[in-house]
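Data block below; observations after.
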Amino acid sequence: MKKKKLIIAGAVILIVAVIAGFCVKPVKQFFADRKAAQKTGFYMDTVVTADITGENCGETADAVFNAIQVLEEFCLSKTAEGSDIYELNEKGKYEVTDSTLGILEKSLEVCKKSGGALDIGIGKLVDLWNVKNRQTPPSQEETNALRGSRYEGISVEANDVTLKDGVKIDLGAVGKGAACDSARDICALSGVKRAVISVGGSILLYGDGEFTVGIASPETGSADYIAVLTTGAGFVSTSGTYERFFDYEGKRYHHILDPETGYPVDNGLCSVTVVSDSGILSDALSTSCFVLGLEDGMKLCEEYGCQAVFITDDGKIYTTDGIRDSLEISDDSFSFAD
Ligand code: ADP
Ligand code: MG
């Protein structure tokens with residue numbers, strides 16, 4: 001009797017061991033897949049968030065934040081002493097790092113293709129407007145005095161960048177998208193499964209399958225989304241009047257400037273969202289299209305093979321053809337234009 005019990009117990013242990021043997025791997029995989037990390041920080045004068053799943057998600061989030069900090073402090077910041085752009089703006093000629101060079105070259109390409117709607121050479125004008133801290137607009141004389149300072153005054157030879165007198169670089173329109181490109185490179189190296197990383201108005205969507213992205217209300221810029229975009233991996237950037245502005249005598253003065261007039265763009269648009277497979281391009285184009293306006297902005301997106309959503313002050317939504325069916329409006333004060 002005792003012997004029989006022992007045999008049964010032995011058999012049970014064996015079966016459990018075999019089942020466990022089969023299960024260990026999938027169970028391990030299951031927990032690995034469910035590993036998730038969320039992190040929030042403040043870089044490039046904006047909120048940065050990371051939501052990452054898969055193996056090494058915590059380390060990847062840390063690495064992404066470090067990379068964004070390095071990009072800001074050593075390359076792109078206009079105010080951090082020692083950064084490439086700070087030194088270049090101070091000295092007028094400087095040998096920049098390869099990272100900064102790549103970003104400058106891509107930005108200058110879009111400056112040209114947009115006919116100067118994007119202009120990374122208007123740093124002085126951006127400083128004059130200083131929309132974050134100003135309460136009254138600058139005078140016409142002040143803005144006129146800076147009209148000649150444009151991106152054409154930037155010349156690049158290998159890593160040596162030279163600025164014409166009066167020209168200062170501002171990469172506010174492209175830096176956050178460039179940060180998303182760095183985040184993508186890190187995700188690809190670390191092998192995480194899925195990541196959503198937002199740097200202000202620019203977002204990286206990394207991994208298989210679909211993602212949903214809310215388009216912020218152009219009135220409040222808050223999380224009251226007015227539409228939801230469903231898309232695959234890539235980059236989404238939005239430029240809007242709501243990001244930074246002040247109101248003076250019943251008029252809104254926001255942070256996206258028309259380099260031709262020297263004044264904030266006033267063309268009936270309140271936000272432009274661009275979807276691209278490059279972070280810097282999505283960011284550069286969202287600003288360019290905002291300045292260019294609906295018609296020319298659409299053309300530029302088509303030229304680059306990017307998709308875009310334009311929203312007008314009167315609540316109309318225009319999209320490029322390839323994105324229309326992926327956009328669902330969730331606020332009935334907005335509607336498709338046609
Ligand atoms: P955000 O900074 O909110 O992401 P954008 O990507 O549209 O918005 O960039 C706007 C910033 O770019 C401004 O705060 C300013 O630093 C800079 N800027 C404003 N107008 C232009 C322009 N026409 N071309 C290039 N940079 C611009
Ligand atoms: Mg931009």
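Each ligand, and each atom within it, is numbered from 1 in the order the structure gives. All values reported here derive from a predicted model rather than from experimental measurement.
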Go through the steps for L118 and L292 under the test side chain to side chain contact (heavy atoms under 4.5 Å, CB included), then give the verdict.
CA-CA 9 Å; L118 183 79; L292 283 171; over 6 Å; no
Side chains of E72 and S77, donor plus acceptor under 3.5 Å:
no
Answer yes or no: is there an ion pair linking K112 with D119, defined by an N-O contact shorter than 4.0 Å?
no
Give the atoms of ligand 1, by number and element, whose distance to some non-hydrogen atom of P259 is under 4.0 Å.
23 (N)
Can you list the residues that meet the salt bridge (charged side-chain N to carboxylate O under 4.0 Å, His left out) rule with D247, with sequence neighbours excluded?
R252
Enumerate the atoms of ligand 1 whose separation from the nearest heavy atom of A117 is less than 4.0 angstrom.
22 (C), 23 (N), 24 (N)
Assess G175 for proximity to ligand 1: is some non-hydrogen atom of it under 4.0 Å away?
no
Evaluate I122 for polar contact with ligand 1, using N/O atom pairs at a separation under 3.5 Å.
no
Under the side chain to side chain contact (heavy atoms under 4.5 Å, CB included) criterion, do E87 and E95 qualify, and how do the steps go?
CA-CA 9 Å; E87 295 301 325; E95 186 181 350; over 6 Å; no
Under 4.0 Å from a heavy atom of T287: give me the atoms of ligand 1 that qualify, with their elements.
5 (P), 6 (O), 7 (O), 9 (O)
Does S239, backbone or side chain, put an N or O under 3.5 Å from an N or O of ligand 1?
yes
Compare E260, K78, K176 and give the one whose heavy atom is closest to atom 1 (P) of ligand 1.
K176
Which one holds for S202 and ligand 1: side chain close, backbone close, both close, or neither close, with close meaning a heavy atom under 4.0 Å?
neither
Polar protein atoms (N, O or S) that approach the Mg ion (ligand 2) to under 2.8 Å:
A173 O, D283 O, D283 OD1, T287 OG1
K113 NZ/CZ over Y304 ring centroid, <6.0 Å and within 45° of normal:
yes
Looking at residues at least two apart in the chain, or sitting in another chain, which of them share a ring pair (Phe, Tyr, Trp, His ring centres under 6.0 Å) with F310?
none
So, regarding G201 and ligand 1 (criterion: nitrogen or oxygen to nitrogen or oxygen, under 3.5 Å), is there a contact or not?
no
Does the gap between the ring centers of F290 and H255 come in under 6.0 Å?
no
Does a salt bridge link K78 with D170, judged by any charged N lying under 4.0 Å from a carboxylate O?
yes
Go through the steps for R184 and D277 under the test salt bridge (charged side-chain N to carboxylate O under 4.0 Å, His left out), then give the verdict.
CA-CA 11 Å; R184 194 227 344 234; D277 57 8; over 6 Å; no
Looking only at N/O atoms, are S286 and ligand 1 under 3.5 Å apart anywhere?
no
Just going by heavy-atom distances, which of M44, H254, H255 is nearest to atom 14 (O) of ligand 1?
H255
Considering the heavy atoms of D170, write down every atom of ligand 1 situated less than 4.0 Å from one of them.
15 (C), 16 (O), 17 (C)
As an exercise, identify every atom of ligand 1 less than 4.0 angstrom from a heavy atom of L118.
24 (N), 25 (C)
Under the rule for ring pair (Phe, Tyr, Trp, His ring centres under 6.0 Å), what residues qualify as partners of F246, not counting sequence neighbours?
Y253
Residues, nucleotides or ligands: over 12 heavy atoms within 6.0 Å of E105 CD
yes
